[in-house]
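Below you'll find the structure, written out as structure tokens, and then a few comments.
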Amino acid sequence: MKKVLIVEDELNFSRFLELELNHESYEVTVAYDGPSGLHLALEQEWDMILLDVMLPGINGIEVCKEIRNVKKTPIIMLTARNNVTDRILGLDCGADDYIPKPFAIEELFARMRAIFRRYEDSEQRVSILTFHDLVLDLNARIIEQSGEMLDLTKREFDLLVFFMQNINLVLSRDTLLDKVWGYNTEVESNVVDVYVRYLRNKLNDCGDDKYIHTLRGIGYVMRS
């Protein structure tokens, strides 16, 4: 069952959406303002977020931007404002789609299904990551080096995944903490150095042709 978060301050409309989505076998949670919606969006995993633009506390555009800094959760913006500028603003902040109110509930369902298909196709295409002699299968959670399977812990595997998804991008310790350990983690940033060392040991990452390079005072980079 897919989980949907509704962030909408109009009680009657949010209740209508909740009932219709429940009828379509979605598991639904509702937040009625920007701060609580952002908290739920970041603290839990969702298959879809339906996000109103005009929200108390933090508007939907800012909520969407904050979510996009951390997660790739599909987002559909819902709003009574229907001019081109607002639509462009909504899409530019990271939303996958933008539906002006009022709309037919069948159209919303169709757009949700289209986004789910697009994300599922994308996930299938990027399920295998490669870098030099490393082959990483995201779905099976297997990593091979020159044909030999490596035994990595969950955290080591997730760290390597993030490096391989961001080849040639310099990653700060704070970025690695947010993306690998999670938003608002209480872990100190030096734990990143510890796990990079663990990972390097298991990859036998030494000598001139390294996988992971250290940029002192900045972070790490996996260079092609």
Side-chain angles (χ1 to χ4, degrees), residues 1-5 24-29 40-49 67-76 94 96-97 112-187 189 191-207 209-214 219-224:
M1 180 181 294
K2 284 183 166 55
K3 294 178 60 178
V4 177
L5 173 64
E24 293 293 312
S25 298
Y26 292 104
E27 181 182 338
V28 180
T29 300
L40 285 170
L42 296 180
E43 292 299 316
Q44 298 184 34
E45 296 301 318
W46 307 94
D47 296 292
M48 175 73 70
I49 298 174
I67 295 170
R68 278 293 169 262
N69 286 334
V70 180
K71 294 186 172 184
K72 298 180 180 179
T73 310
I75 298 173
I76 297 179
D96 295 88
D97 206 345
M112 290 174 66
R113 290 193 295 269
I115 291 172
F116 286 141
R117 286 195 299 271
R118 190 160 69 240
Y119 269 73
E120 288 165 1
D121 289 344
S122 175
E123 288 174 357
Q124 289 175 0
R125 286 195 296 272
V126 299
S127 63
I128 303 296
L129 302 176
T130 61
F131 182 75
H132 296 326
D133 60 344
L134 299 178
V135 179
L136 189 150
D137 187 328
L138 286 167
N139 293 332
R141 293 188 68 83
I142 291 173
I143 174 70
E144 292 184 355
Q145 183 180 43
S146 299
E148 296 292 326
M149 192 176 300
L150 299 180
D151 183 18
L152 302 185
T153 67
K154 179 183 183 303
R155 195 72 70 189
E156 292 163 353
F157 184 89
D158 292 343
L159 182 59
L160 182 58
V161 167
F162 194 67
F163 275 124
M164 292 180 68
Q165 288 175 332
N166 294 277
I167 300 297
N168 295 322
L169 292 180
V170 176
L171 304 172
S172 70
R173 289 168 178 80
D174 287 341
T175 296
L176 291 167
L177 277 177
D178 281 346
K179 301 298 185 180
V180 179
W181 276 260
Y183 180 76
N184 276 345
T185 181
E186 295 181 359
V187 175
S189 62
V191 78
V192 173
D193 302 325
V194 173
Y195 273 85
V196 168
R197 187 168 68 250
Y198 291 161
L199 188 55
R200 280 173 166 164
N201 288 337
K202 291 190 177 180
L203 294 174
N204 193 25
D205 189 11
C206 58
D209 193 22
K210 285 188 174 183
Y211 298 103
I212 303 169
H213 297 263
T214 301
Y220 297 97
V221 60
M222 188 175 252
R223 296 197 192 280
S224 60

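Just so you know, residue 1 is the first one in the sequence shown, and it goes up from there.
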- Is a salt bridge present between Asp96 and Arg68, judged by a nitrogen-to-oxygen distance below 4.0 Å? yes
- Message: As a test of understanding, state which of Arg200, Arg223, Gln145 forms a side-chain hydrogen bond (donor to acceptor under 3.5 Å, both in side chains) with Tyr211.
- Response: Gln145
- On a heavy-atom basis, the closest approach of Leu138 and Gln165 is CD1-NE2, 4.1 Å
- Item | Straight-line distance of Leu129 CG to Phe163 CZ, nearest 0.5 Å | 14.0 Å
- Query: After noting the C-alpha distance and the side-chain angles of Asp158 and Arg141, does the key distance pass the side-chain contact (heavy atoms from CB on, under 4.5 Å) rule?
  - Reply: CA-CA 9 Å; Asp158 292 343; Arg141 293 188 68 83; 2.9 Å; yes
- Task: Please report the C-alpha distance between Asp193 and Arg197 in whole Å, then the side-chain angles of each, then the deciding distance to 0.1 Å, and finally whether the salt bridge (Lys or Arg N to Asp or Glu O under 4.0 Å) criterion is met.
- Result: CA-CA 6 Å; Asp193 302 325; Arg197 187 168 68 250; over 6 Å; no
- Task: For Ile128 and Val135, run side-chain contact (heavy atoms from CB on, under 4.5 Å): C-alpha distance rounded to whole Å, both residues' side-chain angles, the deciding distance at 0.1 Å, then the answer.
- Result: CA-CA 7 Å; Ile128 303 296; Val135 179; 4.1 Å; yes
- For Asp151, the side chain to side chain contact (heavy atoms under 4.5 Å, CB included) test, sequence neighbours excluded, returns none
- To the nearest 0.5 Å, atom CD1 of Ile143 lies from atom CG of Asp137 at 9.5 Å
- Query: Is the Tyr119 to Phe116 ring centre distance short of 6.0 Å?
  - Reply: no
- Message: Do Tyr26 and Asp47 make a side-chain contact, defined as non-hydrogen atoms from C-beta onward lying under 4.5 Å apart?
- Response: no
- Message: Using only atom types and a distance under 3.5 Å, with no angle test, would you say the side chain of Trp46 pairs donor to acceptor with the backbone of Leu40?
- Response: yes
- Kindly compute the distance separating CG (Leu203) from CG (Leu160), expressed to the nearest 0.5 Å. 6.0 Å
- Task: Report, as yes or no, whether the 6.0 Å neighbourhood of atom CZ on Phe162 holds more than 12 heavy atoms from other residues, nucleotides or ligands.
- Result: yes
- Query: Which pair of heavy atoms, one from Ile75 and one from Met48, lies closest together, and at what distance?
  - Reply: N-SD, 4.3 Å
- NE2 of His213 to CE of Met222, rounded to nearest 0.5 Å, is 8.5 Å
- Between Leu136 and Phe131, does a side-chain contact (heavy atoms from CB on, under 4.5 Å) hold up when you go through it step by step? CA-CA 9 Å; Leu136 189 150; Phe131 182 75; over 6 Å; no
- Message: Let me confirm one number: the CD1-CE distance from Ile142 to Met149, rounded to the nearest 0.5 Å.
- Response: 4.5 Å
- Got Met112 and Val4 here, is their nearest side-chain heavy-atom distance under 4.5 Å? yes
- So, the side chain of Lys202 versus the backbone of Leu152: is there a donor-acceptor pair under 3.5 Å, distance only? no
- Query: What's the spacing between Gln44 CD and Lys3 NZ if we round to 0.5 Å?
  - Reply: 5.0 Å
- Item | Option from Leu171, Leu159, Leu199, Val221 for which side-chain contact (heavy atoms from CB on, under 4.5 Å) with Ile212 holds | Leu199
- Query: What are the two closest heavy atoms between Pro74 and Ile115, and how far apart are they?
  - Reply: CB-CG2, 3.6 Å
- Trp181 vs Val192 side-chain heavy atoms within contact, under 4.5 Å: yes
